[in-house]
There are 4 protein chains.
Amino acid sequence: MKVSNKHSKIIAGATKVFAKKGFFNARISDIAREAKVADGTIYLYFNNKFDILISVFEEEIGNLIKQVNKLLAAEDDPRKMLEIFARKHLTVMKKNKNLAEVIQIELRQSAKLVKDYRNNRFSEYINIISFIIELGQEQNIYRISINPCIAKRAFFGALDEISRIWTVGTTTGFTVEEITQQILEIFLCGILEPEASFSYTIN
Amino acid sequence: MKVSNKHSKIIAGATKVFAKKGFFNARISDIAREAKVADGTIYLYFNNKFDILISVFEEEIGNLIKQVNKLLAAEDDPRKMLEIFARKHLTVMKKNKNLAEVIQIELRQSAKLVKDYRNNRFSEYINIISFIIELGQEQNIYRISINPCIAKRAFFGALDEISRIWTVGTTTGFTVEEITQQILEIFLCGILEPEASFSYTIN
Amino acid sequence: MKVSNKHSKIIAGATKVFAKKGFFNARISDIAREAKVADGTIYLYFNNKFDILISVFEEEIGNLIKQVNKLLAAEDDPRKMLEIFARKHLTVMKKNKNLAEVIQIELRQSAKLVKDYRNNRFSEYINIISFIIELGQEQNIYRISINPCIAKRAFFGALDEISRIWTVGTTTGFTVEEITQQILEIFLCGILEPEASFSYTIN
Amino acid sequence: MKVSNKHSKIIAGATKVFAKKGFFNARISDIAREAKVADGTIYLYFNNKFDILISVFEEEIGNLIKQVNKLLAAEDDPRKMLEIFARKHLTVMKKNKNLAEVIQIELRQSAKLVKDYRNNRFSEYINIISFIIELGQEQNIYRISINPCIAKRAFFGALDEISRIWTVGTTTGFTVEEITQQILEIFLCGILEPEASFSYTIN
DNA sequence: GATGAATGAGGCTTCATTCAT
DNA sequence: AATGAATGAAGCCTCATTCAT
């Protein structure tokens, strides 16, 4: 399982450095220093700087997927499952600001650099959302009119944007729980007063 | 209207280049070529490369704000207003892929580089959403339990993440209208089957 | 006599700017601003940046030569003449720090740039010293063993090096008169106690 | 002894290039080529271009100080000491034209750039002169009326200006020994015919 | 003559990557 | 495998000079 001690030290160092400075401002020597290895050593484990970035994702998001899946395995109510996903995502992002920034910033960069990179681990991650929605639709709990492909992006986008309040130095002191409640309320029930919905049709 | 011919040519060129290559991969000479000016000319109008990025935001988002506000002025139903915001945002992002990418990618980078940059024009933009929500709450159309500050981020995040399907080379052929409908349905009514909501309480 | 108003304004501006920033750190636009003309105007009066430097010398040292010669014309004792030269040089350098710096710094630079430039006005200036010495030798006042060509450099070098106490921010508060006295004493009588000279032969 | 092979190669290369082209006209790539290292290597040993200049001084003048002090240690007649200083200075400047030019030209530039730089090694060097003079005054060999602080500048300035005959392409074929004799004669005895001094008082 | 916006060549410096040890 | 000194390509930016007005 453990590929190499140095390998993981470099991944850890890179995650920290990318988060602090961003991919382009990160220096190989920064990562080497953080990982306590020589600059050249990094090239024994990675092809180039960008390869490190990809690996950081693979690693960190892989962990996230594993954790989320484990939690979801113990639950079968699609409503609870969505709640679990939101809470876990927000919790991890708040705790591991490094990862949060790496995802928020670098994922977008890398999507540009390696056009279809997102198909990999990251897609796997947000497809958990559409899987939950489809599950709910099969159980007649989620509306059939909802497009899971659009909804998964909306849900992830909402979580992602919100979790930025912890990475940027904003001081709005929302707790994970408050946000989870709000997000769930919005996504499950919408923001409309029940009575107000009668007097409105989209478009 | 035109402050300076060169100024706006550079802004336009920079928007295009930043979108295509990203801020860090963009070369001043790329922008100059795109804008059909000499490299040095750029420094008559901007202090440095980063200043160009900031200006692109100020300019483009300023336009967006102006357009959105104009549309909203003719409407007073908070539900329609949210719809208008979503449709306009998506329409612009689909049409002006350059701007879309610049916002999606670079805004996040610059948030890191200039810690509190987002307070400027961008905040102004997404505060339109919270304004609409608060308006709806006063009219008893939007639930008072919804926190506008969280909801605005959720709404923008959803739009932003979804609009990436046009910038990344995904081939999901959703139209602006389809997405607008879906987003509105999700945000106004939630994804829950009406009956399902009785059997569920968050957390 | 007056070539042009702009011409002399540029010379004056350049003298000031060269002194403050040095030739290489001086910008044409600095000179233009100082002279209150447009950048392009400078090129109506001078071929290039270096040409301005040369002109500043020609002008300023020309003035100096004129003034010194005028003073010397009224004196025929070679001892007094040397004194007059020293006093005038030091007085001008102390008062006109701009010129002092330009001579001290730029003259040396320009000597490199235009290899034989020093033959012009500057040589004319320090040849006044050798002229005085030769005059004194003819009158049997200055020792015939003194080589005027070496002595002129020694004398000018001494004055030049000393006058740097005013341009660099040293705070040794010597007056022009004190220095003139010392220089004259050294050069006319040497630093040796009269009795000590008997017990010593060079080399 | 050798701190680093590259370090001293760069110093040597820089000394040569600065002398040939002057600090501002010298290109980092010139120095690199001269030192037979890559451009980037220079920045492993120096912070920036100006730092190289400073280092050249520190190094070269340090050597000079060491050599002069060594020679002076074997002598205790202040007259001979001054002679030794002059001869050594001129000898080194004639042989090492690179150093001569660097001192003559760049020292003055750098004095401007780093206002109080001269306090360092260079001051140490010319303070040797005032030390010798003070020593002579204590022994009643040099006149007490001579101000060592002015005299040291006069003496150094004279040597410096004279040594320019070797750096600028002048063709006056003076030998080091001729000049040393002249300088010593001037500074020790003055240029006045002994009898002439009776009929003259300064000012 | 005068202007100053525009030009574009070129330098200093950085840093990903290599390679001799 | 590990090191880190060395490399050198390439970018941001400056600024002397030009030229259309």
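All chains are named by letter (A, B, ...) in the order of the sequence lines, taking the proteins before the strands, and each is independently numbered beginning at 1.
Where B/Thr41 and D/Tyr45 each meet DNA chain F at their nearest nucleotide, the meeting point lying more 5' is that of D/Tyr45. Judged by closest nucleotide on DNA chain E, C/Ile42 is the one of A/Asn48 and C/Ile42 placed further toward the 5' end. Residues A/Asn47 and C/Gly40 each lie close to DNA chain E; by heavy-atom proximity, the contact nearer the 5' end of the strand is made by C/Gly40. Each of D/Asp39 and B/Arg27 lies near DNA chain F, and the nucleotide nearest D/Asp39 is the one positioned closer to the 5' end.
For the atom pair D/Phe18 CZ and D/Phe57 CZ, the distance stands at 8.5 Å (nearest 0.5 Å).
Counting any heavy atom pair closer than 4.0 Å across all strands shown, C/Phe46 reaches no nucleic acid atom. If you check every strand for non-hydrogen atoms under 4.0 Å, D/Ala32 touches nothing. Base engagement by A/Leu44 is indicated by at least one non-hydrogen atom pair under 4.0 Å involving a base atom.
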Give the dot-bracket string for DNA chain E, reading 5' to 3', where a pair is Watson-Crick or G-U wobble with both distances under 3.5 Å, ( ) marks pairs inside the strand, [ ] marks pairs crossing earlier ones, | marks a partner on another strand, and . marks unpaired. .||||||||||||||||||||

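With sequence neighbours left out, the side-chain contact (heavy atoms from CB on, under 4.5 Å) criterion links B/Phe46 to B/His7, B/Ile10, B/Ile11, B/Ile42, B/Asp51, B/Ile52, B/Ser55. Shown here are the side-chain contact (heavy atoms from CB on, under 4.5 Å) partners of C/Lys6, two or more places apart in sequence or in another chain: C/Ser4, C/Val37, C/Thr41, C/Tyr45. Residues that satisfy the side-chain contact (heavy atoms from CB on, under 4.5 Å) test with C/Ala12, not counting sequence neighbours, are absent from this structure.
C/Glu58 places a side-chain heavy atom less than 4.5 Å from the side chain of C/Ile54. In this structure, the side chains of B/Phe24 and A/Phe23 stay at 4.5 Å or more apart for every pair of heavy atoms.
The distance from atom OH of A/Tyr43 to atom P of F/dT7 is 18 Å, rounded to the nearest whole Å. Between D/Phe24 atom CZ and F/dA16 atom P the separation is 12 Å, expressed in whole Å. Here F/dC12 presents its P atom at 12 Å from CZ of B/Arg33, a figure rounded to the nearest Å. Rounded to whole Å, atom C1' of F/dC12 lies 15 Å from atom CG of B/Leu53.
Counting only residues at least two apart or on different chains, the salt bridge (charged side-chain N to carboxylate O under 4.0 Å, His left out) pairs with a member in residues 29-41 of chain B are B/Lys16-B/Glu34, B/Lys21-B/Asp30, B/Asp30-B/Arg33.
Heavy-atom contacts of chain B under 4.0 Å fall on DNA chain E between two terminal nucleotides, which in 5' to 3' order are E/dA6 to E/dG8.
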Start with the C-alpha gap between C/Val56 and C/Glu59, add the side-chain angles, then the distance that decides, and say whether side chain to side chain contact (heavy atoms under 4.5 Å, CB included) holds. CA-CA 5 Å; C/Val56 166; C/Glu59 181 92 359; 5.8 Å; no

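A distance-only check finds a donor-acceptor pair linking the side chain of D/Lys49 to the backbone of D/Ala26 [under 3.5 Å].
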